[in-house]
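Working notes for the structure below.
This structure is a prediction, so every number in the text was calculated from the model and none was measured.
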Amino acid sequence: MPERVVTTLEVRWGECDPAGIVYHPSYIDWFSIARMHFLKENGIRYMNDFHDRGVTVVVTDVGCHYRKALRAEDVVRVTAGLVEMTRARLAFRYEVTDAQGELCAWGETRHAFVDRDTLRPVNLAKFAPELWRRLAALPVMPTDSLA
């Protein structure tokens, strides 16, 4: 299982402000894409494995630190890695680099597992034991591994 997964994207005009510079919320969308790609590359499909089992993964915290502006048509690589996991929560780290490999932004998202119907937090090991077993096998990076 890969500890880090890289997702390559081309900046679309709709992700930019009128000056053609990537608008800050676009990075959060890229984090979501990279997180889903990380899970998929590690054998976990969000809709099948979470949603269809009655589990919603909600964002409880998100942060992004910007270092270098990106523009429409730039190619970016978003690296995602899991840095924390408990039976109720998980956290990911991300870094965004340009085509030359220069760090443009980095960030983190934190999530909680909740019952899809009640939106109450759940202990995933009890609520969906098979899913928990598979998640517990995912590689967790040291928190200082990215950015």
Practice prompt. Give the cluster check for Val57 versus Leu119: same hydrophobic cluster or not, with ILVMFWY residues linked at side-chain heavy-atom distances below 4.5 Å.
Written response: no

Response to the item:
Heavy-atom closest pair (Pro142 atom, Val83 atom, distance to 0.1 Å) is O-CG1, 4.2 Å

Item to complete: Taking all non-hydrogen atoms of both residues into account, name the closest pair between Phe31 and Gly63 and its distance.
Response: CE1-O, 3.7 Å

Discussion item. Looking only at the side chains, is there a donor atom on one of His111 and Thr109 sitting less than 3.5 Å from an acceptor on the other?
Written reply: yes

Worksheet item: Taking atom CD of Glu10 and atom CD of Glu15, what is their separation to the nearest 0.5 Å?
Response: 9.5 Å

Item to complete: For the residue pair Leu124 and Val55, establish whether any side-chain heavy-atom pair is separated by less than 4.5 Å.
Response: yes

Fill in: CG on Asp74 to CD1 on Ile21, rounded to 0.5 Å
10.5 Å

Worksheet item: What do the steps show when you test Val78 against Glu95 for side-chain contact (heavy atoms from CB on, under 4.5 Å), and what is the final call?
Response: CA-CA 6 Å; Val78 185; Glu95 63 180 27; over 6 Å; no

Worksheet item: Closest approach of Ala72 and Val11, non-hydrogen atoms and distance?
Response: CA-CG1, 3.7 Å

Worksheet entry | Centroid-centroid distance, Phe113 to Phe127, less than 6.0 Å | no

Practice prompt. Quick one: list whatever passes side chain to side chain donor-acceptor pair (under 3.5 Å) with Gln100, sequence neighbours left out.
Written response: none

Worksheet item: Just by modelled atom types, is the Asp49 backbone N or O under 3.5 Å from a matching donor or acceptor in the Arg134 side chain?
Response: no

Worksheet item: At what distance, to the nearest 0.5 angstrom, does CG of Leu138 lie from CG of Leu90?
Response: 9.0 Å

Worksheet item: Heavy atoms, side chains only, cut-off 4.5 Å: are Ser32 and Val59 in contact?
Response: no

Practice prompt. Indicate yes or no: at least one non-hydrogen side-chain atom of Cys104 is less than 4.5 angstrom from one of Leu70.
Written response: yes

Worksheet item: Any side-chain heavy atom of Leu9 sitting closer than 4.5 Å to one from Val75?
Response: no

Worksheet item: Can you list every pair that meets salt bridge (Lys or Arg N to Asp or Glu O under 4.0 Å) and has a residue in residues 61-73, with sequence neighbours left out?
Response: Lys68-Asp98, Lys68-Glu102

Worksheet item: Is it true that atom CZ of Arg116 has more than 12 heavy atoms of other residues, nucleotides or ligands lying nearer than 6.0 Å?
Response: yes

Discussion item. Using a 6.0 Å cut-off, check whether atom OH of Tyr23 has over 12 heavy atoms from anything other than its own residue.
Written reply: no

Worksheet item: Residues in side chain to side chain donor-acceptor pair (under 3.5 Å) with Arg89, at least two apart?
Response: none

Worksheet, complete the sentence: Nearest heavy-atom approach of Glu3 to Met141 is CG-CG, 3.0 Å

Practice prompt. Look at the aromatic rings of Tyr66 and Tyr27 and report parallel, tilted or perpendicular, splitting at 30° and 60°.
Written response: perpendicular

Discussion item. Any side-chain to backbone donor/acceptor pair from Thr118 onto Arg120? Under 3.5 Å, distance only.
Written reply: yes

Worksheet item: How far apart are the closest heavy atoms of Ala80 and Phe38, and which atoms are they?
Response: O-CD1, 3.6 Å

Worksheet item: Is it true that Val96 and Trp13 fall in one hydrophobic cluster, defined by side-chain heavy atoms closer than 4.5 Å?
Response: no

Fill in: Closest heavy-atom pair and its distance - Leu82, Ala91
CD1-O, 3.2 Å

Worksheet item: Is it the case that one hydrophobic cluster holds both Phe92 and Val6, taking links as side-chain heavy atoms less than 4.5 Å apart, direct or via other members?
Response: no

Discussion item. Is there a path of hydrophobic side-chain contacts, each under 4.5 Å between heavy atoms, that joins Leu135 and Val58?
Written reply: no

Practice prompt. Following the transitive rule for hydrophobic clusters with a side-chain heavy-atom cut-off under 4.5 Å over Ile, Leu, Val, Met, Phe, Trp and Tyr, establish whether Leu131 and Val114 coincide in one cluster.
Written response: no

Worksheet item: Do Thr79 and Val5 touch side chain to side chain, with heavy atoms closer than 4.5 Å?
Response: no

Worksheet, complete the sentence: salt bridge (Lys or Arg N to Asp or Glu O under 4.0 Å) pairs touching residues 17-46, sequence neighbours excluded, are none

Worksheet item: Under the side chain to side chain donor-acceptor pair (under 3.5 Å) test, which residues partner Arg110, sequence neighbours left out?
Response: Glu84, Glu108

Worksheet item: Looking at residues at least two apart in the chain, or sitting in another chain, which of them share a side chain to side chain donor-acceptor pair (under 3.5 Å) with Thr7?
Response: His37

